[in-house]
Amino acid sequence: MQFKNITSDILPKLVCTTLFLVSTPSYSAVPDVDLKVLVISTGTPEQDIGLDLIDDMLDEMGVPYDVLNASHEQLTQDKLITGNKGNYNGIILTDASLYYTGPDNYLSSAFTLEEWKMLHQYEINFNVRESVLSGYPASGPYYKNSYDLDYGMDLDTVESRSSFSTTWQIPSDNKEIFEYVNRQNAFAVSDYSRMAHPANNSDGPSVTPILTDSETGKTLVSTIQYPDGREVLLSTITNAWYLVHSQVLAYEFLNYATQGVFIGSRKVYLAAHVDDLFIASELWDADANATPGDVSYRTTSNDIESIVAANNRLLEENPNLPDFKLDLVFNGGGASIGLPPVELTSSQDTYLHSRNKKYTYGAWSTAYISSSRYLKRRGLFNFDLPDDVNSPTDKATLTLTTKPIRHHSSSQNARGSICLVTQQWTESANWYRRSNHSWWSRYGGAYDRNHCVPYKENNGKITVDVTPLVNQWQSQGKPNFGLIMHAAWGYYNLVQVHTREASNANYRPQLTIEFAAQEEPLTATVLDNKHDFRFLSHTLTHRDMYTSSGATFDVAYEEIDENLKVWQQLDLPGYNNGSQVLVTGNHSGLEDAESSEDTYPLPELTPYPEGLNYELVYAMEALGIKYMASDSSRVNQDVEHFLPGSDIMLLPRYPTSVFYNVTNPVDLTDEYNYVFYERYLENGEDPCTINGAICQPRSYEQILAAEAETTLRHMLTYKSWPHYFHAANLHDYGDGATLQYDWLTAVTDKYNSVLNLPIINLDYFSIGEMSKEKLFAKEANVRGTWNRDNNTVTLISDKPATITITGVVSNDTYGGQYILKTNTDHYSETFTVDRLID
């Protein structure tokens, strides 16, 4: 960013000035100004769309500012000046003439002639620039005499339209203004705007076109230099928070007005979280327009290799993306932690009936016995059952023969227990559907610690007599039961024994054992490529954390703690920081519901914070969790803040329309058009009248374009919030293509078409730390003064805070500007201004 040095020879001659008979004091040759922006609006953010745009950006960047609502507030000298110091180093007008509709329903300027003159004289005396967001380019004698306004335009050439293709007129070597835009491409303006040719009268202001209409050459954005030294950036484009072109332009309104020196900073961020690594995802059924749960997909080793290659291509093709890694949010219950294949052996007192001994599902192989209904659970088994066990006995002894188990316990042998599950289930269709969704989510972890029997590995064998548990459960008249193996090496292995009713002549127990083998392909490939990713903890089994689903302190603690142990056992990178961040399944535990069933419309929820599960909060606190993920689209979850009564900070994530249950463009397109269009037609509604719906179906390419525009808007808020996806989206659906990288390519292509700034890819813990710093800084009342005599800035605050400041000497640069990160408190610190980064 290049700016001219402020020197006394370019400042206007300062004289005592009289405005409506009130004399302003005389000032030093180069007067000091506070680092604060004055935004002059014509209403509240709800009434003034320009204010709604600019205040959001200033808040996110941490820029101190005041708003003067000119519709009912008067501009005074005291507002602008304190002693010999200016109170603002930048002025932003939301409307060129501050036109508003007054009480008499008459459109007029909210400022009197005297107020306009006062503002302009302040800008002259204190060498303060002005930016104008929008409005009519008031020019010529009438506006000069009525409002002291002359924007230097030929009003005879004024023309208005609702859509423009525009051209940047900035010389390529000029880095003083809009240096961050892609000047080579046409720039789309998509709302009502005015344009005109400059008048360039010899006795009027000098106008330099910046952005012009490609068809007529008329000016929409320009810089204006007045003979008295005043400088203005004028836009006659309608600007609002919901318009992409406005978000692109918005930063320069601040940067120009403050001459590139202000408290706060901007950077553009993009991160993509992929939830549910290691477990299977239920898939969309296009015929049923539902996700019935009878078909699922689990990421493969080929998928991992494909996305590593895709990420390398993404970086090669995007100079604005210096570094990027996916954040894989994993459920350790579906991962291998290095256990070797398991061989099941039997003796005469084992009551197992061997039939249909092996079932293969995708990359996983599962053994089951006498199962009329296979429970499609995660697991890989490599063992055989004897054929000579044909009748039940009164014993239930389980012997697992293994190679020595690799674990991270200080003991040489893994130790643990097998415990009785304390919830009963039946072989109903509802139970079967839920079991496919995730048996563990519904019932896992709900075991009685008082009804466990210990086991010990000895010479590669784990042997335990579970008869007391079986007898105890059946003695209560509950023939269906489950057993959970609580393994000391870091996660639950499920040993599920399901019996039929005792009155059934074919009564046989059924046994499912879930172990992960050492050579399990997905885990092995993730480990081989682990430095190409970042990792986050998503709980062990994706269990719902709602209060109503039975997520007690113990359940929540075990789910989180055991998943963190898997992180350590797999030796995935980033544990020290990443272990302080938690993503719960379906962001559950913030709201309350009985389950996470996906139906349309969505089930009734108790929203956050009323639905917050405090047992989950206590478990997180006990495990040192500092940050918890939320869904920014849900009620009260779209702002960083601390959970009530806790030091745990909520970090929002953006959802996308790349749904969790699709692996390819065909299914995504089908579900997208059903969700946003067809289901409304089924209900007899017109989608065009419904907020968030679409008026006609979209192709896959149109879906990606819409997603890219939405994501670009997110990026241009300068928020660091990640976008989140799911493991099914990593599927290589052909020639290395994935939904995940189709999305990333569309987003970066859209971004590169309009901007030329580096995209910063932060890990979630760093996002949390930065968010916390911003939150504390807002409460610290950080203040700064720019001494233009010695070109320094002095900072002070009421409370200790970590802040950023743009335009002072630093080791960090972004977009051609210095950005300094520093600590402030009630002792002042002084820094040297330097805005001359090339």
Checklist entry - Does the pair Thr792 and Val833 meet the rule for a side chain to side chain contact (heavy atoms under 4.5 Å, CB included), with working shown? => result CA-CA 5 Å; Thr792 60; Val833 172; 5.6 Å; no
Between [X] and [Y]: side-chain donor-acceptor atoms closer than 3.5 Å:
| X | Y | value |
| --- | --- | --- |
| Gln169 | Thr212 | yes |
| Thr802 | Asn823 | yes |
| Thr157 | Asp154 | no |
| Ser71 | Asn69 | yes |
| Asp52 | Tyr242 | no |
| Thr82 | Asn87 | yes |

Next on the checklist: Working note: Glu159 + Arg161, criterion salt bridge (charged side-chain N to carboxylate O under 4.0 Å, His left out); need CA distance, chi angles, decisive distance, verdict.
Outcome noted: CA-CA 7 Å; Glu159 181 182 351; Arg161 287 209 304 266; 3.4 Å; yes
Just by modelled atom types, is the [Y] backbone N or O under 3.5 Å from a matching donor or acceptor in the [X] side chain?
| X | Y | value |
| --- | --- | --- |
| Asn318 | Asn320 | no |
| Asn201 | Gly204 | no |
| His245 | Ser190 | yes |
| Asn145 | Pro141 | yes |
| Thr806 | Gly264 | yes |
| Ser139 | Gly152 | yes |
| Arg788 | Phe126 | yes |
| Tyr100 | Ser41 | no |

Which value, rounded to the nearest 0.5 Å, describes the distance between [X] atom [atom1] and [Y] atom [atom2]?
| X | Y | atom1 | atom2 | result |
| --- | --- | --- | --- | --- |
| Glu231 | Asn127 | CD | CG | 7.0 Å |
| Leu58 | Ile263 | CG | CD1 | 12.5 Å |
| Met118 | Gln77 | CE | CD | 4.5 Å |
| Ile803 | Ser797 | CD1 | OG | 7.5 Å |
| Leu93 | Ser131 | CG | OG | 8.5 Å |
| His197 | Leu155 | NE2 | CG | 13.0 Å |

Item to check | Exceeds 12 heavy-atom contacts within 6.0 angstrom, atom CG of Asn790 | outcome: yes
Checklist entry - Just wondering, are more than 12 heavy atoms of other shown residues or ligands nearer than 6.0 Å to OH in Tyr192? => result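 Count over threshold, so yes.
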Is there a side-chain contact between [X] and [Y], using heavy atoms and a 4.5 Å cut-off?
| X | Y | value |
| --- | --- | --- |
| Asp191 | Asn239 | no |
| Thr166 | Leu211 | yes |
| Leu820 | Thr804 | no |
| Leu119 | Glu123 | yes |
| Val261 | Trp786 | yes |
| Leu38 | Leu68 | yes |
| Tyr122 | Lys117 | no |
| Tyr88 | Leu35 | no |

Item to check | Residue pair Asp56, Lys719: steps toward the salt bridge (charged side-chain N to carboxylate O under 4.0 Å, His left out) verdict | outcome: CA-CA 11 Å; Asp56 287 348; Lys719 296 181 186 297; over 6 Å; no
Item to check | Glu709: partners by side chain to side chain contact (heavy atoms under 4.5 Å, CB included), with sequence neighbours left out | outcome: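 Once residues adjacent in sequence are excluded, the partners of Glu709 under the side chain to side chain contact (heavy atoms under 4.5 Å, CB included) criterion are Val244, Lys750.
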Basic-acidic side-chain contact under 4.0 Å: [X], [Y]:
| X | Y | result |
| --- | --- | --- |
| Asp812 | Lys267 | yes |
| Lys821 | Glu773 | yes |
| Glu60 | Lys774 | yes |

For [X], which residues count as a ring-ring contact (aromatic ring centres under 6.0 Å, His included) partner, sequence neighbours excluded?
| X | value |
| --- | --- |
| Tyr654 | His714, Trp721, His723 |
| Phe253 | none |
| Phe111 | Trp116 |
| Tyr151 | none |

Next on the checklist: Exactly one of Val37, Val793, Asn255 should register a side chain to side chain contact (heavy atoms under 4.5 Å, CB included) with Phe262. Which one does?
Outcome noted: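 When Val37, Val793, Asn255 are each tested with Phe262, the side chain to side chain contact (heavy atoms under 4.5 Å, CB included) holds only for Asn255.
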Checklist entry - Considering all heavy atoms of both residues, which atom of Met195 and which atom of Phe164 are nearest to each other, and what is their separation? => result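 Distance-wise, the nearest heavy atoms are SD-CE2, 3.3 Å.
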Checklist entry - Can Arg835 and Val808 be said to form a side chain to side chain contact (heavy atoms under 4.5 Å, CB included), step by step? => result CA-CA 7 Å; Arg835 304 157 296 146; Val808 300; over 6 Å; no
Checklist entry - Passes side chain to side chain contact (heavy atoms under 4.5 Å, CB included), Tyr136 versus Thr236? Steps please. => result CA-CA 6 Å; Tyr136 186 76; Thr236 54; over 6 Å; no
Next on the checklist: Here's a test for you: under side chain to side chain donor-acceptor pair (under 3.5 Å), which of Thr794, Thr830, Asp34, Asn89 qualifies with Thr785?
Outcome noted: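 It is Asp34, the one option of Thr794, Thr830, Asp34, Asn89 that forms the side chain to side chain donor-acceptor pair (under 3.5 Å) with Thr785.
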Next on the checklist: Can you confirm if the aromatic rings of Tyr251 and Tyr180 lie within a centre distance of less than 6.0 Å?
Outcome noted: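 They qualify: ring centres under 6.0 Å apart.
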Checklist entry - So Arg783 and Asp798, salt bridge (charged side-chain N to carboxylate O under 4.0 Å, His left out) or not? Walk me through it. => result CA-CA 9 Å; Arg783 307 177 297 285; Asp798 294 345; 3.0 Å; yes
Next on the checklist: The test is salt bridge (charged side-chain N to carboxylate O under 4.0 Å, His left out); show your working for Glu176 and Arg129 and say whether it passes.
Outcome noted: CA-CA 14 Å; Glu176 183 174 345; Arg129 286 176 172 176; 3.2 Å; yes
Item to check | With Asp825 via side chain to side chain donor-acceptor pair (under 3.5 Å) - residues at least two apart | outcome: none
Checklist entry - Can you say whether the rings of Trp168 and Phe187 are parallel (under 30°), tilted (30 to 60°) or perpendicular (over 60°)? => result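 Aromatic pair Trp168/Phe187 classed tilted.
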